[in-house]
K.L.:
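This is the structure, below, for whatever I ask next.
When reading the values below, keep in mind they use all heavy atoms of this one structure, side chains included, and skip hydrogens, waters and symmetry mates.
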Number of protein chains: 2
Amino acid sequence: MNKKVTINDIAKMANVAKSTVSRYLNGGSVSAQTRLKIERIVQEQHYTPNTFAQSLKQQTNHTIGVIVPRLDSIAQSDMLRGLDECNQEDTFLIVNAYQDPKRELAAIEKLQSQNVGGIILLTANLTDEIRAALTASPLPIVIQGQDEPDFHRVIMADQHGGETVGAYVKTLHPKNVLLLNVNAEIDHAVGHDRFMGIKAALAQTPYTEVMTDFKLDTAKHDAKKAMAADQYDLVIGATDRIAVGAMQSGYALHQKPQYIGFGQSFFSETVTPNLTSFEFSFFEAGKQLYRLFVKVRDENPQTIQRVVIDGQLVIRDSTGPQH
Amino acid sequence: MNKKVTINDIAKMANVAKSTVSRYLNGGSVSAQTRLKIERIVQEQHYTPNTFAQSLKQQTNHTIGVIVPRLDSIAQSDMLRGLDECNQEDTFLIVNAYQDPKRELAAIEKLQSQNVGGIILLTANLTDEIRAALTASPLPIVIQGQDEPDFHRVIMADQHGGETVGAYVKTLHPKNVLLLNVNAEIDHAVGHDRFMGIKAALAQTPYTEVMTDFKLDTAKHDAKKAMAADQYDLVIGATDRIAVGAMQSGYALHQKPQYIGFGQSFFSETVTPNLTSFEFSFFEAGKQLYRLFVKVRDENPQTIQRVVIDGQLVIRDSTGPQH
DNA sequence: TTGTAAGCGTTATCAA
DNA sequence: TTGATAACGCTTACAA
């Protein structure tokens with residue numbers, strides 16, 4: 001920050017008081033004559049107000065802290081793109097929590113000490129500590145990822161996704177199904193909501209449920225163990241990544257079951273064969289998330305807001321005819 | 001920002017002047033007695049200084065604008081993690097430029113008007129306009145991605161990577177090689193530097209160079225065209241993503257050449273077969289980038305700084321024995 | 001060691 | 001329509 005031109009400089013150059021310049025900037029009443037004069041000088045000098053002074057004075061600011069569980073995920077980056085898309089005038093302070101509840105909590109506290117104007121929290125899992133911190137905060141806060149009844153939130157239609165996949169699975173008439181799920185304690189939306197519909201659809205079909213985690217390697221390992229022990233003609237992963245792990249195990253074991261995942265298109269189209277999956281609109285989720293945040297911040301609604309984002313089943317080669 | 005406790009509140013509670021509290025906070029001289037008193041109250045009240053007031057007063061701040069070309073890339077997120085890793089006290093304002101030079105320029109201007117304390121620019125390509133904007137800025141600036149002589153920078157050892165891959169390629173004794181490259185005008189570090197060593201190593205071997213772009217679909221399409229027209233036993237992609245596109249084409253055409261890419265491990269391990277690639281340490285690059293930035297900001301070196309980050313060849317199944 | 005006071009760049013109030 | 005002036009929360013001479 002070298003020698004930035006201030007409102008005082010502009011005022012002097014225009015031979016007016018700085019309050020007049022301020023009024024000009026904020027759309028107050030100024031005569032056409034002085035307006036023109038100030039306008040010219042502001043342009044010439046490339047003047048932009050000092051945001052710190054503004055925030056200090058206004059006791060609020062347009063920086064929104066966004067906490068993401070991870071950055072190396074298409075879903076998250078799509079969501080951030082959605083936030084960007086709608087954004088008119090806010091600045092996002094993106095903090096990576098590295099899927100660690102401790103870091104998530106620390107991020108909430110740090111953001112508050114940095115005086116952000118609000119927080120958008122993307123999360124897989126809320127601890128009691130985090131709930132307490134959120135509740136204690138005077139800031140407008142919106143969360144995404146979990147259907148937490150006490151907070152304004154945007155959630156994905158995991159339940160509907162599970163039902164849709166369930167309905168599709170019925171048409172495939174599988175003989176023996178492997179479900180690769182994650183612990184609902186770690187991510188309730190994924191571990192529980194997604195699989196309800198699937199299990200209902202498999203009422204008449206034998207299936208095995210194996211718990212794994214979100215990492216590719218773990219999924220690969222757990223899938224291999226299961227697929228070596230029994231023969232499956234359909235494998236459903238809780239996420240695309242998990243399904244891909246299973247595909248690699250299948251490849252190694254020379255098995256060719258059908259595969260279904262949950263997630264977003266890029267990942268699904270990267271693997272061979274392309275993966276059939278239920279795809280959520282994370283981009284849309286980001287847009288809605290921003291809209292909801294603005295509503296919460298500006299209107300301070302007294303009832304908890306809840307927005308559900310739908311998705312759709314995209315059928316690709318992994319459940320295609322050649323299988 | 002509801003009713004945050006200020007330094008004045010603390011001062012009153014402790015029956016001292018606010019300057020004393022300020023001195024306590026900034027490590028100035030205070031008697032053991034008052035130190036204890038203030039300490040207790042600060043803790044009780046969860047007092048944190050208002051960063052806007054601090055920045056306003058100090059005429060500088062600890063927010064660094066980070067412009068990234070894209071967010072849906074492991075390389076970028078690894079680099080950001082590296083930045084985080086070393087960071088002591090700075091806040092990163094991450095801006096996605098969506099691989100669009102216009103947005104990149106706009107981001108530089110917006111960050112300046114937001115009074116960031118400096119800019120870290122990750123980029124594939126610098127336009128003259130952007131060079132001009134960077135040169136005109138009074139802020140400390142560090143760039144990454146291109147070997148631009150006029151700016152402090154961290155670059156990847158693309159040239160050395162190409163030579164290493166070249167040496168390895170010789171040991172494979174390929175009969176006919178397909179190079180899938182990108183235009184050096186779009187990304188000189190990739191399009192030119194990476195391929196110098198490879199082409200030198202292929203002096204005695206027939207090869208075809210096809211230009212494509214960074215998108216998976218384009219690479220797939222271009223690779224398919226080339227692989228349908230001629231028979232190759234080795235395909236080298238300018239990036240992992242491009243190599244994966246080629247793998248998919250090979251799969252579709254029932255061809256099984258060997259494949260080599262450039263990039264980071266996750267992507268390489270996602271595909272089947274796992275991809276041999278020259279992997280740069282983007283995480284390390286991020287760390288060095290932050291260190292370099294701090295050096296530039298705090299020491300204002302008069303000579304242009306240049307840091308090179310190395311990588312290593314990781315041999316996987318795609319050039320493995322079963323091929 | 002401590003307190004007083006000025007000032008950072010804004011916006012808002014209130015006279016003129 | 002304008003311009004002084006106070007205030008936002010903090011740091012920093014300088015004085016006590």
Side-chain angles (χ1 to χ4, degrees), chain A residues 1-39 41-42 45-63 89 91 112-117 138-139, chain B residues 1-39 41-42 45-63 89 91 112-117 138-139:
Chain A
M1 219 99 341
N2 254 359
K3 43 218 162 176
K4 265 202 69 168
V5 41
T6 74
I7 198 171
N8 244 315
D9 302 328
I10 303 291
K12 276 179 198 143
M13 291 168 157
N15 277 314
V16 295
K18 60 177 176 180
S19 46
T20 305
V21 179
S22 177
R23 245 179 291 117
Y24 158 79
L25 292 167
N26 297 290
S29 67
V30 270
S31 69
Q33 207 179 0
T34 49
R35 161 172 293 110
L36 251 52
K37 195 165 52 176
I38 297 176
E39 186 161 28
I41 299 179
V42 164
Q45 303 292 321
H46 298 105
Y47 168 77
T48 53
N50 182 316
T51 51
F52 299 117
Q54 281 183 321
S55 299
L56 177 59
K57 182 65 191 178
Q58 295 173 171
Q59 297 295 82
T60 176
N61 68 86
H62 284 144
T63 299
E89 49 184 1
T91 313
Q112 304 214 59
S113 83
Q114 285 172 166
N115 305 308
V116 294
L139 295 177
Chain B
M1 219 99 343
N2 255 358
K3 45 220 159 170
K4 266 200 72 168
V5 41
T6 74
I7 198 173
N8 243 316
D9 302 329
I10 303 290
K12 275 179 198 143
M13 291 167 161
N15 276 316
V16 295
K18 61 177 177 179
S19 51
T20 307
V21 179
S22 177
R23 245 178 291 116
Y24 159 79
L25 292 168
N26 297 291
S29 68
V30 270
S31 70
Q33 204 179 3
T34 49
R35 161 171 293 109
L36 252 53
K37 197 164 53 173
I38 297 176
E39 186 161 29
I41 298 179
V42 164
Q45 302 292 323
H46 299 103
Y47 168 75
T48 53
N50 181 317
T51 51
F52 298 116
Q54 279 182 321
S55 300
L56 179 58
K57 180 68 195 176
Q58 297 176 169
Q59 296 297 81
T60 176
N61 69 87
H62 284 144
T63 299
E89 49 183 0
T91 311
Q112 305 215 61
S113 83
Q114 283 171 169
N115 305 308
V116 294
L139 295 177

K.L.:
Quick check on the helix from C:dT1-D:dA16 to C:dA16-D:dT1: what's the angle between its two end axes, five base pairs per end, to the nearest 10°?
P.N.:
40°
K.L.:
With heavy atoms under 4.0 Å as the rule, sort B:Ser55 into base, sugar-phosphate or nothing.
P.N.:
nothing
K.L.:
Could you state the interatomic distance from CD (A:Gln54) to OG1 (A:Thr48), rounded to the nearest 0.5 Å?
P.N.:
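Going from CD on A:Gln54 over to OG1 on A:Thr48, the span is 9.0 Å.
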K.L.:
Would you compute the distance between atom CD of B:Gln58 and atom OG1 of B:Thr51 and round it to the nearest 0.5 angstrom?
P.N.:
10.5 Å
K.L.:
Among B:Val30, B:Ile38, B:Val16, B:Thr34, find the residue that satisfies the side-chain contact (heavy atoms from CB on, under 4.5 Å) test when tested with B:Arg23.
P.N.:
B:Val30
K.L.:
Could you walk me through whether B:Glu39 and B:Tyr24 pass the side-chain contact (heavy atoms from CB on, under 4.5 Å) check?
P.N.:
CA-CA 8 Å; B:Glu39 186 161 29; B:Tyr24 159 79; 3.5 Å; yes
K.L.:
Any side-chain N or O of A:Gln54 below 4.0 angstrom from OP1/OP2 of C:dT11?
P.N.:
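Yes.
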K.L.:
Using the heavy-atom set of chain A and a strict 4.0 Å cut-off, write down the first and last nucleotide of DNA chain D that makes it in, 5' to 3'.
P.N.:
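So the contact region on DNA chain D extends D:dT1 to D:dG9.
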K.L.:
Could you tell me the separation between the OH atom of A:Tyr47 and the CG atom of A:Asp9, rounded to the nearest 0.5 Å?
P.N.:
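Those atoms lie 9.0 Å apart.
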K.L.:
Could you give the CG-to-P distance, from A:Asn50 to C:dC8, as a whole number of Å?
P.N.:
12 Å
K.L.:
May I ask you to verify whether the side chain of A:Lys57 and the base of C:dT11 hold a donor-acceptor pair under 3.5 Å?
P.N.:
yes
K.L.:
Give, for atom NZ of A:Lys12 and atom CG of A:Asn8, the distance between the pair rounded to the nearest 0.5 Å.
P.N.:
5.0 Å
K.L.:
Mapping A:Gln58 and A:Val30 onto DNA chain D by nearest heavy atom, which one lands closer to the 5' end?
P.N.:
A:Val30
K.L.:
For residues 8-24 of chain A, which residues have at least one heavy atom under 4.0 Å from DNA chain C?
P.N.:
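Going residue by residue through residues 8-24 of chain A, the ones with a heavy atom under 4.0 Å of DNA chain C turn out to be A:Lys18, A:Ser19, A:Ser22.
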K.L.:
Are any of B:Thr34's side-chain N or O atoms less than 4.0 Å away from OP1 or OP2 of C:dT2?
P.N.:
yes
K.L.:
Whole Å only: how far is the CD1 atom of A:Ile7 from the P atom of C:dA12?
P.N.:
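Value for this atom pair: 11 Å.
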K.L.:
Donor-acceptor pair, B:Asn61 side chain versus B:Asn115 backbone, under 3.5 Å?
P.N.:
yes
K.L.:
Out of curiosity, B:Gln112 CD to A:His46 NE2, how far, rounded to the nearest 0.5 Å?
P.N.:
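One gets 11.0 Å once the value is rounded to the nearest 0.5 Å.
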K.L.:
Can you tell me how far the CD1 atom of B:Ile10 sits from the OG1 atom of B:Thr20, to the nearest 0.5 Å?
P.N.:
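Result: 13.0 Å between the selected atoms.
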K.L.:
Would you please test B:Gln114 and A:Thr91 for side-chain contact (heavy atoms from CB on, under 4.5 Å) and show each step?
P.N.:
CA-CA 9 Å; B:Gln114 283 171 169; A:Thr91 313; 2.8 Å; yes
K.L.:
Is the phosphate of C:dT11 approached by A:Gln59 (side-chain N or O, under 4.0 Å from OP1 or OP2)?
P.N.:
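Answer is no, no contact under 4.0 Å.
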K.L.:
Calculate the interatomic distance between A:Phe52 atom CZ and C:dG7 atom C1'; express it in whole Å.
P.N.:
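Interatomic distance, CZ of A:Phe52 to C1' of C:dG7: 18 Å.
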K.L.:
Determine yes or no for a side-chain-to-main-chain donor-acceptor pair under 3.5 angstrom, with A:Lys18 supplying the side chain and A:Ile7 the backbone.
P.N.:
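Pair absent, no side-chain N/O of A:Lys18 close to backbone of A:Ile7.
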K.L.:
For B:Leu56 and C:dG9, give me the distance from atom CG to atom C1', rounded to whole Å.
P.N.:
5 Å
